Amino acid sequence: MPVVIGFEGSANKIGVGIIRDGEVLSNPRRTYITPPGQGFLPGETAKHHRGVILTVLQEALDEAGLKAADIDCVAYTKGPGMGAPLVTVAIVARTVAQLWGKPLLGVNHCIGHIEMGRLITNAQNPTVLYVSGGNTQVIAYSERRYRIFGETIDIAVGNCLDRLARVIKISNDPSPGYNIEQMAKKGNKYIELPYTVKGMDVSFSGILSYIEETLFAMLVEITERAMAHCGSQEVLIVGGVGCNLRLQEMMGVMCKERGARLFATDERFCIDNGVMIAQAGWEMFRSGHVTELSDSWITQR
């Protein structure tokens with residue numbers, strides 16, 4: 001039963017998680033929060049991560065009750081994400097792997113979300129709606145790899161919500177999307193908005209002035225199309241926007257009508273975290289994968 005430590009820092013969350021044979025041993029994280037009306041810039045986000053990553057690493061080890069000698073592999077987010085924060089995490093992961101004499105594994109951030117969702121929910125072969133600040137994709141596993149069946153053609157749904165929050169000065173603490181969700185719960189009037197589904201893809205840039213209910217309806221539609229194409233009876237929602245209860249409710253209605261099952265996680269695992277990288281790394285490590293130091297670069301795409 002290999003023990004894998006994972007480092008995540010592709011955006012404004014910095015997390016370190018440890019997993020052993022499907023058991024989450026620790027998963028501490030920190031969030032870089034900016035004032036209302038402001039987003040997070042790569043350089044400032046990386047500076048935040050550099051200031052706390054060693055503290056979070058020690059917390060992860062202490063919470064798990066482990067030492068460096070107990071770790072079998074070091075996994076880190078290789079991408080996609082913001083360049084400067086990714087580099088910060090990659091440097092620390094490389095250094096730790098060399099100091100501890102452990103193999104290194106670069107993990108795809110998106111697959112980290114999916115594998116963590118599958119572990120926590122026990123979904124077997126779901127159609128995945130991956131929704132976050134930087135990504136909006138409908139994904140399914142087919143012929144030995146994850147394949148994208150539909151995605152945004154401009155901005156991600158989380159980025160759309162974040163930009164709305166900045167315009168109307170909604171607080172970034174704990175996150176803009178969470179605060180929009182709480183405000184929307186008090187609303188009782190649906191305003192008809194631009195609804196742009198193009199085949200299996202969606203467009204959010206033109207709807208930025210309007211927002212949540214219509215965004216989610218578009219996502220439910222393209223997820224249902226992917227389910228029909230794949231013959232799937234399971235939906236798994238992952239990514240930071242995936243813990244939005246209204247999105248889960250709307251997806252649940254669609255699944256019920258199709259006789260399908262909906263799977264989702266809470267904020268511990270849907271928001272960027274270290275243990276999701278550890279879990280994907282664990283799957284890769286036990287399959288014989290390692291990343292040579294010369295290949296331990298990062299990619300924003």
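All figures in this text were calculated on a predicted structure; none of them were measured in a lab.
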Q: With the side chain counted from C-beta on, respond yes when R225 and V138 share a heavy-atom pair under 4.5 Å apart, and no when they do not.
A: no

Q: Looking at every non-hydrogen atom in both residues, tell me the closest pair between L66 and I18 and how far apart they are.
A: CD1-CG2, 3.9 Å

Q: Between S232 and T127, is any side-chain donor less than 3.5 angstrom from a side-chain acceptor?
A: yes

Q: Between atom CG of N108 and atom OG1 of T77, what is the distance when rounded to the nearest 0.5 Å?
A: 9.0 Å

Q: Grab the two heavy atoms, one from I271 and one from R29, that are nearest each other, plus how far apart they are.
A: O-NH1, 3.3 Å

Q: Any side-chain to backbone donor/acceptor pair from Q233 onto G231? Under 3.5 Å, distance only.
A: no

Q: Check step by step if side chain to side chain contact (heavy atoms under 4.5 Å, CB included) holds for E283 and I111.
A: CA-CA 11 Å; E283 293 279 7; I111 292 176; over 6 Å; no

Q: Between V238 and M116, is there a side-chain heavy-atom distance shorter than 4.5 Å?
A: no

Q: If you group Ile, Leu, Val, Met, Phe, Trp and Tyr by side-chain heavy-atom gaps below 4.5 Å, do V128 and M227 land in one group?
A: no

Q: Does V24 share a hydrophobic cluster with I14, counting links as ILVMFWY side-chain heavy atoms below 4.5 Å and allowing steps through other members?
A: no

Q: Test P28 against every option in V56, V275, N273, L57 by the side chain to side chain contact (heavy atoms under 4.5 Å, CB included) rule and name the one that passes.
A: V56

Q: Roughly how far, to the nearest 0.5 Å, is CD1 of I170 from CG of N179?
A: 7.0 Å

Q: Atom CG of L219 and atom CG of L247: how far apart are they, to the nearest 0.5 Å?
A: 6.5 Å

Q: Looking only at heavy atoms, what is the nearest atom pair of L104 and A97, with distance?
A: CD1-CB, 4.0 Å

Q: Spell out, yes or no, whether V89 and I5 are grouped together once hydrophobic residues are joined by side-chain heavy atoms under 4.5 Å, including indirect joins.
A: yes

Q: Can you tell me if D154 uses its side chain to pair, donor with acceptor, with the backbone of F204 under 3.5 Å?
A: yes

Q: Would you check if the side chain of D201 reaches a backbone N or O of E151 as a donor-acceptor pair within less than 3.5 Å?
A: yes

Q: Tell me whether I19 shares a hydrophobic cluster with F269, the cluster being built from Ile, Leu, Val, Met, Phe, Trp, Tyr side chains joined at under 4.5 Å.
A: yes

Q: Measure the spacing between CG of N27 and CD of Q279 and express it to the nearest 0.5 Å.
A: 11.5 Å

Q: Kindly assign one of parallel, tilted or perpendicular to the pair Y146 and Y141, based on the angle between their ring planes and the thresholds 30° and 60°.
A: perpendicular

Q: Yes or no on side chain to side chain contact (heavy atoms under 4.5 Å, CB included) for V52 and Y32, after CA distance, side-chain angles and deciding distance?
A: CA-CA 10 Å; V52 300; Y32 175 50; over 6 Å; no

Q: Can you check whether G22's main-chain N or O pairs, donor with acceptor, with W282's side chain at less than 3.5 Å?
A: no

Q: Quick one: does Y76's side chain have a donor or acceptor within less than 3.5 Å of a partner on S296's backbone?
A: yes

Q: Counting distance only, does the side-chain N/O of S287 pair as donor-acceptor with the main-chain N or O of H289 below 3.5 Å?
A: no

Q: More than 12 foreign heavy atoms under 6.0 Å from CZ of R261: is that the case here?
A: no

Q: Okay, side chain of D72, backbone of V4: is any donor-acceptor separation there less than 3.5 Å?
A: no

Q: H113 versus N135: any side-chain heavy-atom pair under 4.5 Å?
A: no

Q: Using modelled atom types and a 3.5 Å cut-off, is there a donor and acceptor pairing between side-chain atoms of N159 and backbone atoms of G134?
A: no

Q: To the nearest 0.5 Å, what is the distance between SG on C270 and CZ on R268?
A: 10.0 Å

Q: So does E44 pair up with K47, basic N to acidic O under 4.0 Å?
A: no

Q: Can you confirm whether Y178 is buried at OH, in the sense that more than 12 heavy atoms of other residues, nucleotides or ligands lie under 6.0 Å from that atom?
A: no

Q: Rounded to the nearest 0.5 Å, what's the gap from NE2 on H49 to NZ on K13? Could you check?
A: 9.0 Å

Q: Would you say S26's side chain and A60's backbone share a donor-acceptor pair under 3.5 angstrom?
A: yes

Q: Should M250 and Y130 be regarded as members of a common hydrophobic cluster, given that ILVMFWY residues are connected when their side-chain heavy atoms come within less than 4.5 Å of each other, either directly or indirectly?
A: no

Q: Give a yes-or-no answer on whether the side chains of N12 and T45 include a donor-acceptor pair shorter than 3.5 Å.
A: no

Q: We want to know whether Y195 and E221 form a side-chain donor-acceptor pair, criterion being a heavy-atom distance below 3.5 angstrom.
A: yes

Q: Can I155 and R163 be said to form a side chain to side chain contact (heavy atoms under 4.5 Å, CB included), step by step?
A: CA-CA 10 Å; I155 60 175; R163 286 165 67 177; 3.3 Å; yes

Q: Any side-chain donor-acceptor pair under 3.5 Å between H109 and S10?
A: yes

Q: Test side chain to side chain contact (heavy atoms under 4.5 Å, CB included) on K256 and V253 and set out the steps.
A: CA-CA 5 Å; K256 184 177 180 180; V253 170; 5.8 Å; no

Q: Could you report the tightest heavy-atom contact between R246 and E181, atom names first, then the distance?
A: N-OE2, 3.9 Å

Q: Closest heavy-atom contact between A123 and F263?
A: CB-CD1, 3.7 Å

Q: Determine whether T223 and M251 make a side-chain contact, defined as any pair of heavy atoms from C-beta on separated by less than 4.5 Å.
A: yes

Q: Please say whether more than 12 non-hydrogen atoms of neighbouring residues, nucleotides or ligands are located less than 6.0 Å from NZ in K67.
A: no

Q: Taking all non-hydrogen atoms of both residues, which atom of G133 and which atom of A156 are closest, and how far apart?
A: O-CB, 3.5 Å

